[in-house]
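The next block holds one structure in the form of structure tokens; read it before the comments.
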Amino acid sequence: GQETVSSGLKKPLVPASLNLSEYFKQFLFPQNECELHDFRLSFSQLKWDNWIVAPHRYSPRYCKGDCPRAVGHRYGSPVHTMVQNIIYEKQLDSSVPRPSCVPAKYSPLSVLTIEPDGSIAYKEYEDMIATRCTCR
Amino acid sequence: SLASRGEAQIAASAEWEPGAEPWSLLQPLDGRDRSGLLSPLFKVLCDGQGGVPRLQPDSRALRYMKRLYKAYATKEGIPKSNRSHLYNTVRLFTPHVQHDKQASVDQVTGTVRSVDLLFNLDRVTAVEHLLKSVLLYTFNTSVSFPSAANCVCHLVLKEPASSSSKTPPRAPHSVTFKSQFELKKKYKWVEVDVTALLQPLVASDKRSVHVSVTLTCVKDQRQHPSAQVSALNLARPSLLLYLNDTSAQARHRWYSLRYKGSPSQAPDQGGLPACPIGEEAAKGVRSSRHRHRR
């Protein structure tokens with residue numbers, strides 16, 4: 001892996017004018033790493049508020065970012081993820097992508113809807129709000 | 001589970017016709033569009049519309065269900081974990097009225113109101129299993145009624161003549177319930193538990209319930225002997241069904257209860273407490289506000 005790391009370093013990440021502490025902060029706090037992002041939508045935006053009475057706002061959230069190379073306990077990733085990363089980096093098979101940043105845990109959502117026949121339904125749905133991300 | 005086998009059945013036997021809409025693959029075999037959120041979501045993906053045109057519900061029913069929603073879910077829409085009930089679906093149906101005999105008022109017999117109701121339960125899917133059903137009466141708080149009254153609710157379940165010649169037509173069920181209502185200013189709703197009456201009907205896949213309801217309320221002599229009995233402004237009762245949806249998309253509360261280490265409670269049909277939602281909801285709201293302050 002030495003040669004990969006160094007090739008990473010070769011990229012001109014820092015313009016000359018930035019001071020050193022900024023430069024090192026990059027390594028302490030990796031940029032754009034896999035994490036949970038907030039996203040709120042209101043059903044009126046989708047013009048669904050004529051049949052979804054509650055909740056007024058729904059924040060499904062989503063996962064986005066790069067997966068670190070040595071994925072370990074921090075993401076709860078299985079060993080398979082590391083194997084896939086090695087296949088990707090060694091370019092053993094060009095169709096094998098780098099592991100993806102995906103939701104690992106969800107929480108349910110209660111929805112109050114008006115049915116087509118005018119009856120009203122309260123239902124609890126599983127896995128509607130992402131609460132944690134993982135790499136796999 | 002039954003649901004997952006059903007889904008496998010759909011995938012295995014579905015014929016892919018050219019031009020068929022992709023979400024039709026998820027349709028249950030009997031072709032009725034039944035399953036909760038998934039099919040409307042698919043429909044949006046396919047033709048971008050926000051769902052089919054809907055009949056507007058009764059405003060009282062909608063108010064009741066909004067109150068139920070607040071009692072069961074947080075502002076963000078997450079089901080409250082302190083609820084110990086096992087049902088993950090509550091459906092409220094407003095009736096089609098066959099005929100409505102006006103309330104008769106008598107100083108001795110009290111207020112009598114009988115109404116013939118027809119409930120269309122088509123929206124209840126095969127994977128939604130009935131745990132409890134109640135008739136929901138709304139009272140107009142402006143009635144001049146004594147604070148307590150004895151009410152007798154008499155129900156006659158009329159089963160449609162069976163279409164098949166094999167099963168002989170049965171005499172209509174006649175089941176009498178007796179329950180006492182306390183009318184206080186803050187109660188707007190009262191639930192009358194009819195689980196025992198409807199359980200066999202819903203379990204046998206019948207989706208049309210025809211029932212005649214007669215409610216007789218007599219003032220409680222002990223409290224207000226001089227109070228005049230006036231006509232109870234009774235709205236027609238709606239039907240509330242508490243169901244457990246076993247499909248993969250539905251939340252299975254017993255799952256989270258089990259993993260929280262508390263034994264899951266098997267529902268016995270009559271054991272679920274029927275209590276006015278107003279009182280229960282108010283209690284829920286009060287305790288959380290208290291916690292906030294502390």
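What you see below is based on every heavy atom in this structure, not just the backbone, and it leaves out hydrogens, waters and symmetry mates. Naming: A, B, ... by sequence-line order, numbering from 1 per chain.
Side-chain contact check for P95(B) versus F93(B): every heavy-atom pair is 4.5 Å or farther apart. For the pair C133(A)/Y62(A), no side-chain contact is recorded, criterion being any heavy-atom separation below 4.5 Å from C-beta on.
We find the OH-CG distance between Y242(B) and D193(B) to be 9.5 Å, quoted to the nearest 0.5 Å.
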task = Please step through disulfide (SG to SG under 2.5 Å) for the pair C135(A) and C101(A), ending with a clear verdict.
result = CA-CA 5 Å; C135(A) 284; C101(A) 171; 5.3 Å; no

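With chain B as the partner, the residue from A121(A), P108(A), S107(A) showing the most heavy-atom pairs under 4.5 Å is P108(A). Of the listed residues (L112(A), I129(A), D127(A)), the greatest number of heavy-atom pairs within a distance under 4.5 Å of chain B belongs to L112(A).
Residue contact with chain B, scored on non-hydrogen atoms closer than 4.5 Å, is absent for S59(A). For a residue to count as touching a neighbouring chain, one of its non-hydrogen atoms must lie under 4.5 Å from one of that chain's; by this rule L121(B) does not touch chain A. Both the backbone and the side chain of V111(A) come within contact range of chain B, judged by heavy atoms closer than 4.5 Å.
Using modelled atom types and a 3.5 Å distance limit, the side chains of Y87(B) and Y122(A) yield no donor-acceptor pair.
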